[in-house]
Asker: 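Take a look at this one; I'll ask things after.
In what follows, chains carry the letters A, B, and so on, assigned in the order in which the sequence lines appear, proteins first and then strands, with residues in each chain numbered from 1. Basis for what follows: all heavy atoms, side chains included, without hydrogens, waters or symmetry-related copies.
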Amino acid sequence: MSAATLAGLCGAALVGLGLYGLVTNPESLRKILSFNILGSGVFLLFGIIARRGAAAGLAADPAPQALVITGIVVAFSASALAVALLLRLFKETGKVTLGADPPTKSPADGTGV
Amino acid sequence: MPSIALSDSTTTASGYLLVLAVILPVIGLLLAFLLGGRRAEQIALGLMPIGLCLAAAIAFGVWRADGVLVYVLGGWSPPLGVALRADGFSAVMLVTTALIVTAAAFFARANFSTPLDLTEARAPLSFWTLLLALWAALNCVFLGGDLFNLYVALELLTFAAVPIVCLDGQAATLKAALRYLLFALFGSVLYLLGIALLYGAYGALDIVVLSQRVRPEAALWVAMALMTAGLAAKTALVPLYLWLPPAHAGAPPAGSAMLSALVVKASFFIAVRLWFHVMSPLPREAAMQILAALGAGAIIFGSVLALRQERLKLLIAYSTVAQIGYLFLMFPLAAGEHPWTDAAWTGGVLQAVSHAFAKAAMFLAAGLIAETLGHDRIAGLRGAGRLMPMTIFAFGLGGLSLMGLPPSGGFVAKWLLLTAAVESGQWLWALAMLAGGLLAGAYVFRVLAPALASANANEPSPRPSPGRGREAAALALALFAMLIGFAPPALFELIQIGRPQIARPVTTIVTSR
């Protein structure tokens, strides 16, 4: 198995884990973290595509690398915005979940941010 | 011969207009943020007429050139560089955006002016900068010719739209905003994954270059499925609509108007770019039928939910879910080379535009009603018609367009889609449209009937009626939705420009109305 294939499988696994977490976790902070894992998988995929598309004499195709930098910046700002919203929500309500009926949920997870 | 017009990868004569349309709101946004305070509002309002003129100039340019306006950034042509392109659909959306943003800004002056005793207040500063950011991002989406550029534009749009939802800082709207953001992030990361696959398979992300390179293979279908699912989440297509009603109902009225009228259309616009432009050389019937099935589901489901709402703003928000469904019926009807596709394409575009005007008018009207009555419970609307006739009239006109009754823009749009569905023998979609029209009639009636009834005897003390100017803003938008019903043939010509099929003579489109 070549390094690129291995990295590709890792990327796919990260995407799968992130997607699962994003859909199944009720807590917003975990959803945000899952989004980041999912994003990392996608960025890894971009890296492999860059490696695979390398022209002769180059280590990698620079275009996907440029895309990945933009993608990371966007994902970072998105996470920052989401965490800011979550913190504000915690201040207002003391809860970190979005469901309509979470009265028993302890807000301990949200305080660690 | 797919995409004859779009294949231009060199800057056209008035291509610089496209750059101005993107850069102008960005400059305004930066200045508003730097200067702050009252200046933010002045800058935003000052830019409105310029932006309107620019959008009109682009639309006129596209119409006069009878082709796509192109600007190649930095002179690097597409496989390497990035192009901005404006075709008929972009031009129509740009003008719609400029008009609605202007009306919403005019409307919002009463809610978001900086108090006289302060030099700067949080909500007004945020609102005016976010308004400009929203406008910049929308223009960027409608002009982008590169899929990754469109991704960035979509993200900018999300970052501008989410804070608008929670400007009041209440727990309920914060929740709505966070849910909206999570759905949007889910959508954008799927879209990005699709981009990675497309770039890996074809080494290009420019829409025109991609449309020349695509082959029917697994990588393409997986990429398209991921991107479409992501865009559907951002458009609030039916299984993924949960975020929309609380977000759109909780935002301030001017914000709801822009979110419902324009922001959901942006991701729909990109879906159209993908399925009609990128995929133009390939057969794609099955996928189109799936999209239409979701759209038909959205029409029925959204309308029924709208019927059951107790609060006016939620009713309007659920009606958005339903009206988005019509947009997706355009996919199977406008694809391919058939005699009905011109009508279906025009119908789909007009649905996007007339729904934008009608829905913006209705949200502004609902905002005025809520302000005047102090609540927006539908059961408590009695007497509103006497208190604020102009507002209720605007709401009614908007409703007329949603139902698809003549002579509204919604009528032309739905009529074109309906005839295309009947001509192509796709009866199921025709039935969904008719049922949607009836249900829309029912939920609009549910609001108008109490509003037009005479007030109760134990009427609460009359509040000051809203300013005439703001009522006029809502009414103007509703009248625009009507005016589309009387649009000259030039509009129909414009909408067809740059469509990736060979455009037939315009007469066939006009007579098929």
Asker: Examine whether an atom of B:L185 lies under 4.5 Å from a heavy atom of chain A, and if so say whether it belongs to the side chain, the backbone or both; otherwise answer neither.
Answerer: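 Interface part for B:L185: both.
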Asker: Side chain from CB out, backbone as N, CA, C, O: work out which of these in B:L178 comes under 4.5 Å of a heavy atom of chain A, or both, or neither.
Answerer: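 Contact with chain A involves both backbone and side-chain atoms of B:L178.
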Asker: Using a 3.5 Å cut-off and no angle test, enumerate the donor-acceptor pairs between side-chain atoms of residues 215-222 of chain B and protein atoms at least two apart in sequence or in another chain.
Answerer:
{"residue": "B:R215", "atom": "NH2", "partner": "B:E217", "partner atom": "OE2", "Å": "3.3"}
{"residue": "B:E217", "atom": "OE2", "partner": "B:Y202", "partner atom": "OH", "Å": "2.8"}

Asker: Give the minimum heavy-atom separation between A:R88 and B:L174, together with the two atoms involved.
Answerer: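 For A:R88 and B:L174, the tightest heavy-atom pair comes out as CG-CD1, 3.5 Å.
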Asker: Go through A:T70, A:T93, A:V68 and name the one with the most non-hydrogen pairs under 4.5 angstrom from chain B.
Answerer: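 So the answer, after comparing A:T70, A:T93, A:V68, is A:T70.
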Asker: Are B:Y151 and A:V74 close enough, and set up right, to give a side-chain contact (heavy atoms from CB on, under 4.5 Å), and what steps lead you there?
Answerer: CA-CA 10 Å; B:Y151 163 75; A:V74 168; 3.5 Å; yes
Asker: Taking all non-hydrogen atoms of both residues, which atom of B:A196 and which atom of A:L45 are closest, and how far apart?
Answerer: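 Here B:A196 and A:L45 meet closest at CB-CD2, 4.0 Å.
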Asker: Specify the closest pair of heavy atoms between B:V189 and A:G39, including all atoms of both residues, with the distance to one decimal.
Answerer: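 Here B:V189 and A:G39 meet closest at CG2-CA, 3.9 Å.
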Asker: Need one label for B:L156: side chain, backbone, both or neither, based on atoms under 4.5 Å from any heavy atom in chain A.
Answerer: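 For B:L156, neither part sits under 4.5 Å from chain A.
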Asker: If you count every heavy atom of other residues, nucleotides or ligands that lies below 6.0 Å from B:R213 atom CZ, does the total exceed 12?
Answerer: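 For B:R213, atom CZ is crowded (more than 12 foreign heavy atoms under 6.0 Å).
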Asker: Please find the pair of heavy atoms, one from A:E92 and one from B:A171, that lie closest to each other, and give the distance.
Answerer: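 Shortest heavy-atom contact: CB-CB, 4.3 Å.
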Asker: Can you say whether A:S77 sits under 4.5 Å from chain B via the side chain, the backbone, both, or neither, judging by heavy atoms?
Answerer: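 Contact with chain B: backbone and side chain both.
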Asker: What part of A:L19 is in contact with chain B, defined as an atom under 4.5 angstrom from a non-hydrogen atom: side chain, backbone, both or neither?
Answerer: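 Side chain of A:L19 only, per the 4.5 Å heavy-atom cut-off to chain B.
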Asker: Looking only at heavy atoms, what is the nearest atom pair of A:L85 and B:C166, with distance?
Answerer: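 Scanning both residues, the minimum pair turns out to be CD2-SG, 3.7 Å.
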Asker: Ignoring hydrogens, what is the shortest heavy-atom contact between B:F148 and A:L67? Give both atom names and the distance.
Answerer: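 Closest pair (atom of B:F148, atom of A:L67, distance): CZ-O, 3.3 Å.
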Asker: Among the options A:G18, A:P64, A:G71, pick out the one with the most heavy-atom pairs lying under 4.5 Å from chain B.
Answerer: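 When all of A:G18, A:P64, A:G71 are compared, A:P64 has the most.
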Asker: Report which part of A:V73 has an atom under 4.5 Å of a heavy atom belonging to chain B: side chain, backbone, both, or neither.
Answerer: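 Neither part.
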Asker: Does the pair A:I49 and B:L197 meet the rule for a side-chain contact (heavy atoms from CB on, under 4.5 Å), with working shown?
Answerer: CA-CA 8 Å; A:I49 284 162; B:L197 292 176; 5.5 Å; no
